[in-house]
Amino acid sequence: MRSIVIGAGKMGFSIAKLLSNENHDVVLIDNNEERIRIIDDVLDVQVIAGTGSSWRVLESAGVRNADMVVAVTEIDELNMIACFLAKQYGVKTTIARVRDTEYVEQPHFSIANLLGIDLIINPEMVTAFEIFNIIKNPEAVNVDYYSDNKVLLAEFIIRNDSPIVNNQLKQLDASKFVILSIVHDNHMIVPSGDDIIRGGDHVYIITKTEDISAVLKSLGIIRKKIEHVTILGAGRTGYYLAKILENEMKNVSIKVIEKNPLRAREVSNMLSRSMVIKGDGADLDLLTAENIGQSDIYVAVTDDDKLNLLSSLIAKNIGVKKTIAKVKREDILPLMEEIGIDAVLSPRVLAAGYILKYIRQGDIVSVTVLGNENAEMIEFNAQSGSVVVNKQLMNIRFPAGSVVGAIVRNGEVYIPSGDFEILANDKVMVFALPASIHKIEKLFSSRLKKW
C-alpha cells in the first residue's frame, strides 16, 4: 500500500513511522530540508523536498498510484488543497489536519465533502475531549467510550490500600468488568487468572458505562465530585476544553490562566462564564493569590512541555487534587507520570487512533492507542464468514497478548464469559498488544477464511 504523508513535523514524523511499521510504501513530503535530512536518516521512507499543494511534487511522489494521502502541515489550507488534488488523481483515502474550527463548522455545506476529504483531524480538539472524559471520571488516568458511550474503558492506578491488592485476578468478582491489561514497572501485560494485582499497578478495565460506580467500589476507589477546574493555557486546546466544560458541566467553576494579554482578552470575550486570568502558570505567588490550590483538577495545556510539567508540580504542591498535562514529546511521558503528574496526554498519540481506523483490515469501528507500548483497543464489526462468527470465545484461538473486553449486540452490552458466542454484526471490543494486532485483524476479516 502506497501512502504519501505531507508535513514532516512531529505529527507527520509519527504518522510516517506508524505507516512504515505497517509495511506501507511511504513517501514523505516537506519543504524544510533540515527536517527532510533528519527523517531520511532515521526512517525507512522516501523523502521529497517540496510542497504538497504542488501537482508536480505530488506526481513525483507517485500520487497516481497512491492509496492514501495524509496532509498534516501547520497550514490548514495547504492540507485541504493537497487532499483535494489527491482526490483528482483518484486517491482512495485522504486525511487532513484542520485546526481552525471555522472550516468544519460551516453551516451551509461540508468542506470535507466539497474537497473530498475522508477524515479531518483536529488534534487539539481530540485532546480537549479526551481531557473532558477524564474530568468526568476523575478517578481514572485515561478514559475512552465506545458504542454510543455505552461501553467505558478506563485506566486506573491501584492504591496500596485497595481491597484487590495482592489478590489473583481469578479471586476477583469480575462479573461487571474485565481487566484487559496490567502495567507494572512500565511493562504492560495481558494478565491470566493467576496474575497478582500490586499497589501502584496501572490497570485497564472495560465495563458498561452504567456499571462504573459498582466497579469503582469493588476496586476500593471513592468517586469524587468535581467543582473547580483550572486550565493553564488559552491556546486552541485550552479554549476548546473550557468551552466543552461550560456546555457540559454547568455546576463546575472554570479558571483559565494565559500569559499573553492579547490572547487572554480574546478568549475572555469568547467564553461565557470562565474566569480568564492574565499571568504565568509557573508563578507561585499568582497561583496562591488566585486560590488555585483549591482546584479539584489542574490542566496544563500550553505549547511548552517544560512549563506544563513545572506548573503541574507546583499545583500539586499547593493542594490540587489531580493534575493533567499535555506533552508533545512522547519520550518524556513516562518521566512525567513517575514524578507525580496524574494524567499525561500526547495529541500525536490520540490522533494516531484516527489514522489507524483507515489502514486496518476488517470492518473496524474505532481504534484507540493505549500506553507507552502502543497497545490498541480495537472495536470490530464481526463479519459474516470470518473465523470468529458462530463460535464461543473459548473455542477461538485468540493470539497471546489479546483479550475480548466487551460485545455489543442490538444495542445491548455484554461483558462476555468463555461460553459467549459471537454472531455476525456483533460489535466486539478487543484489547491487543502490538505483536498480536495483525493476527486479531485476520480473525475478524471475512476475506481470510482460515487462520
Checklist entry - Is there a salt bridge (charged side-chain N to carboxylate O under 4.0 Å, His left out) between R97 and E74 once you walk through the steps? => result CA-CA 8 Å; R97 178 186 187 181; E74 295 290 332; 3.5 Å; yes
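- For the residue pair S312 / T323, no side-chain donor-acceptor distance below 3.5 Å is found, with atom types taken as modelled.
- Going from atom CG of N142 over to atom NE2 of H202 covers 9.5 Å, rounded to the nearest 0.5 Å.
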Donor-acceptor contacts under 3.5 Å from residues 81-89 side chains, at least two apart:
{"from": "K87", "atom 1": "NZ", "to": "V91", "atom 2": "O", "distance (Å)": "3.3"}
{"from": "K87", "atom 1": "NZ", "to": "K92", "atom 2": "O", "distance (Å)": "2.6"}
{"from": "K87", "atom 1": "NZ", "to": "D118", "atom 2": "OD2", "distance (Å)": "3.0"}
{"from": "Q88", "atom 1": "NE2", "to": "F84", "atom 2": "O", "distance (Å)": "2.9"}
{"from": "Y89", "atom 1": "OH", "to": "E59", "atom 2": "OE2", "distance (Å)": "2.9"}

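- Electrostatic pairing of R2 and D67 does not count as a salt bridge here, judged by no charged N lying under 4.0 Å from a carboxylate O.
- Taking the salt bridge (charged side-chain N to carboxylate O under 4.0 Å, His left out) definition, one finds that E266 meets it with R263, sequence neighbours left out.
- Side chain of R409 to backbone of K427: no donor-acceptor contact under 3.5 angstrom is found.
- Residues T127 and Y240 have side chains that never bring a donor and an acceptor to within less than 3.5 angstrom of each other.
- Between the side chain of S268 and the main chain of V276, no donor-acceptor pair closer than 3.5 Å is present.
- Side-chain atoms of E379 and Y146 form no donor-acceptor pair, as typed in the model, at a separation below 3.5 Å.
- For T302 and N308, the side-chain atoms include at least one donor-acceptor pair closer than 3.5 Å.
- Here the side chain of N269 pairs a donor or acceptor atom with the backbone of R265 at under 3.5 angstrom.
- A donor-acceptor distance shorter than 3.5 angstrom exists from the side chain of D76 to the backbone of D100, with no hydrogens or angles considered.
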Checklist entry - Are R99 and E124 close enough, and set up right, to give a salt bridge (charged side-chain N to carboxylate O under 4.0 Å, His left out), and what steps lead you there? => result CA-CA 7 Å; R99 304 168 73 188; E124 292 83 6; 2.8 Å; yes
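- Smallest separation of non-hydrogen atoms from I179 and V203: CG2-CB, 4.4 Å.
- When only modelled atom types and interatomic distance are considered, H228 and D296 share no side-chain donor-acceptor pair under 3.5 Å.
- Side-chain N or O atoms of E246 include one that pairs as donor or acceptor with a backbone N or O of S274 at under 3.5 Å.
- By the salt bridge (charged side-chain N to carboxylate O under 4.0 Å, His left out) test, K255 pairs with no residue at all, sequence neighbours left out.
- For S181 against M188, the heavy-atom pair with the smallest separation is OG-CG, 3.0 Å.
- Within the 3.5 Å criterion, the main-chain N or O of I407 finds no donor-acceptor partner in the side chain of D426.
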Next on the checklist: With salt bridge (charged side-chain N to carboxylate O under 4.0 Å, His left out) as the criterion, how do K326 and D303 come out once you've worked through the C-alpha distance, each side chain's angles and the decisive distance to 0.1 Å?
Outcome noted: CA-CA 8 Å; K326 180 189 81 171; D303 287 329; 3.4 Å; yes
